[in-house]
Amino acid sequence: MKLEAGLSFSQAPPILVPFRFFLSAPLFGLLAALLALWYGPSLMESRWQPSVLALTHLMTLGFLGMAMVGAMMQMLPVVAGSPVAHPVGVARAVHVLLLPGVVLLAGGFLLGAHWPMRIAMFLLGTGFTVFVVAVGLSLKRASSDNPTVVGMRYAVSALVVTVALGLTLASNYGWDWWLIERVRLTNLHLTWGLLGWVGLLVAGVSYQVVPMFQLTPSYPKLLTRWLTTALFVLLLLWSVVYWLPEGAQVQVILAVSLAAAVIFTVFAIVTLRLQLRRRRKQSDVTLLFWRFGMVCLLLALALGVAGQVIPVLDRVQGDNIALGFLFIAGFAVSVVNGMLYKIVPFLIWFHLQSLLMGVARVPNMKLIMPEPGMRRQMWLHFAAVPALALSALWPPLIYPAALLFGASMVLLEVNLLNAFRIYQQNAKLAPKGEPSST
């Protein structure tokens, strides 16, 4: 069954394969908001605090990790025509390992206790190993001609590096041994996680979802052919150079960092220009989330480059925290949020279409995910992000920022649950003996 050029939905996995991850993601965003409310302005004192480390991982491993793992499980058979083997079993195993793993990791940071960190290492290490092996075999079978598949391969490779570095760093907390290169490893872990796993996956997936869901022209072939490859090579080069003696590495790291910033800037600007040329002129929630995300990405890049070029800015702790809020909450969460508002109603409509064809009328996507609810949540998020970034300069602002962000996560969860409830209610109308979609 072909619904879009180059996309095949005939091998799409059962609906609960991605949905168990999608429905879990906002809960971690809410936990992050509650943590920010509890610790308040003290979060701005240093990015090395246990509370900041817990907050960061609730957002990256929790919200972003859950949403991105679910999206990959769904997109591999659709985009690459190469489904994950035993998708239901793999999804259950990965979800049941990652869910408590993230909670225990955050708890380990906050409590300063060994046992939660050790259990978290086992759960997260096992969960991501199952996921990487499953999607790795799927990507190995997929065609290399598809730029989204290439981007996914690089992103999964970046995830392997990120997890390996993360487990090494976590062992420092779990067994209380002194890791001499902790700062270097932490910076490498952060770079591979944000620019590699998140950045490469968003770029690769955007080649399909932006033209398909936002009705824009396709990305330029030169960009889709080389962007993710160039970024991955730069990450490798940056990692090698980072281990050189400090005096020899400064200029090379500056050049590599600027090159990566230029590539991400090109991606953001091209995406914004494509959106201006979309066939449907009326803006929808997904389009606005992506525009907001691209603007936040450009601001984060500008802040990062300023910190590299003007050393005094790099030593200002608030600058690093503001950059983190802009990249994680402003860019990554916004883009993922926007994709969920297209992917979720489409998947529900698609699965109901398969179950109820010739039996009952399937609700359209606007009824599955009503526009007013999405817009209310969007405006809360748009208010939260600048407040979060500015709280690095005026710490008391973290209280209203966390309230806004937490409220947006609650509304996102409500919107997703309401949509899934529509699926469950309508799926009951399917004739007995139909294959289960759950």
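Just so it is clear, the values below take in all heavy atoms, side chains as well, and ignore hydrogens, waters and symmetry mates. Note that the numbering runs from 1 along the sequence shown for the chain.
Judged by distance alone, with hydrogens and angles left aside, the side-chain atoms of Arg375 form no donor-acceptor pair with the main-chain N or O of Glu371 at under 3.5 Å. A distance-only check finds no donor-acceptor pair linking the side chain of Thr229 to the backbone of Trp226 [under 3.5 Å]. Although no hydrogens or angles enter the test, the distance criterion places no donor-acceptor pair under 3.5 Å between the side chain of Asn337 and the main chain of Val333.
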Evaluate the criterion ring-ring contact (aromatic ring centres under 6.0 Å, His included) for residue pair Phe232 and Trp192; output intermediate values, then yes/no. CA-CA 9 Å; Phe232 191 78; Trp192 277 98; 5.7 Å; yes
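A donor atom on one side chain and an acceptor atom on the other are not found under 3.5 Å apart for Trp48 and Thr186. At a cut-off of 3.5 Å, with distance as the only test, a side-chain donor of Thr271 or Tyr219 sits close to an acceptor on the other residue.
Judged as a side-chain contact (heavy atoms from CB on, under 4.5 Å), and not counting sequence neighbours, the contacts of Arg277 are Pro217, Leu274.
Screening residues 74-94 for ring pair (Phe, Tyr, Trp, His ring centres under 6.0 Å), with sequence neighbours left out, gives no hits. Among pairs with a residue in residues 208-222, none fulfils salt bridge (Lys or Arg N to Asp or Glu O under 4.0 Å), at least two apart in sequence or across chains.
Among Gln275, Arg291, Arg278, the single residue meeting the side chain to side chain donor-acceptor pair (under 3.5 Å) criterion with Gln214 is Gln275.
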Check residues 339-348 and write down every donor-acceptor pair under 3.5 Å in which the side-chain atom is one partner and the other belongs to a residue at least two apart or another chain.
{"from": "Tyr341", "atom 1": "OH", "to": "Gln377", "atom 2": "OE1", "distance (Å)": "2.7"}
{"from": "Tyr341", "atom 1": "OH", "to": "Asn415", "atom 2": "ND2", "distance (Å)": "2.9"}
{"from": "Lys342", "atom 1": "NZ", "to": "Asp284", "atom 2": "OD2", "distance (Å)": "3.2"}

Only pairs under 3.5 Å count here: list side-chain donor-acceptor contacts from residues 50-66, not counting sequence neighbours, and write none if there are none.
{"from": "Thr56", "atom 1": "OG1", "to": "Val52", "atom 2": "O", "distance (Å)": "2.8"}
{"from": "His57", "atom 1": "ND1", "to": "Leu53", "atom 2": "O", "distance (Å)": "2.7"}
{"from": "Thr60", "atom 1": "OG1", "to": "Thr56", "atom 2": "O", "distance (Å)": "2.8"}

Below 3.5 Å, can you tabulate the donor-acceptor pairs from side chains in residues 382-409 to any protein atom, sequence neighbours excluded?
{"from": "Ser391", "atom 1": "OG", "to": "Leu388", "atom 2": "O", "distance (Å)": "2.5"}
{"from": "Ser408", "atom 1": "OG", "to": "Phe405", "atom 2": "O", "distance (Å)": "2.8"}

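Taking the six-membered ring for Trp and the full ring otherwise, the centers of Phe420 and Tyr423 sit less than 6.0 Å from each other. Taking the six-membered ring for Trp and the full ring otherwise, the centers of Phe331 and Trp290 sit at least 6.0 Å from each other.
Atom CZ of Arg141 is surrounded by more than 12 heavy atoms from other residues, nucleotides or ligands within 6.0 Å.
Inter-residue side-chain proximity for Arg225 and Pro147 is flagged as unmet; no heavy-atom pair is nearer than 4.5 Å.
Minimum heavy-atom separation, Val335 to Val202: CG1-CG1, 3.9 Å.
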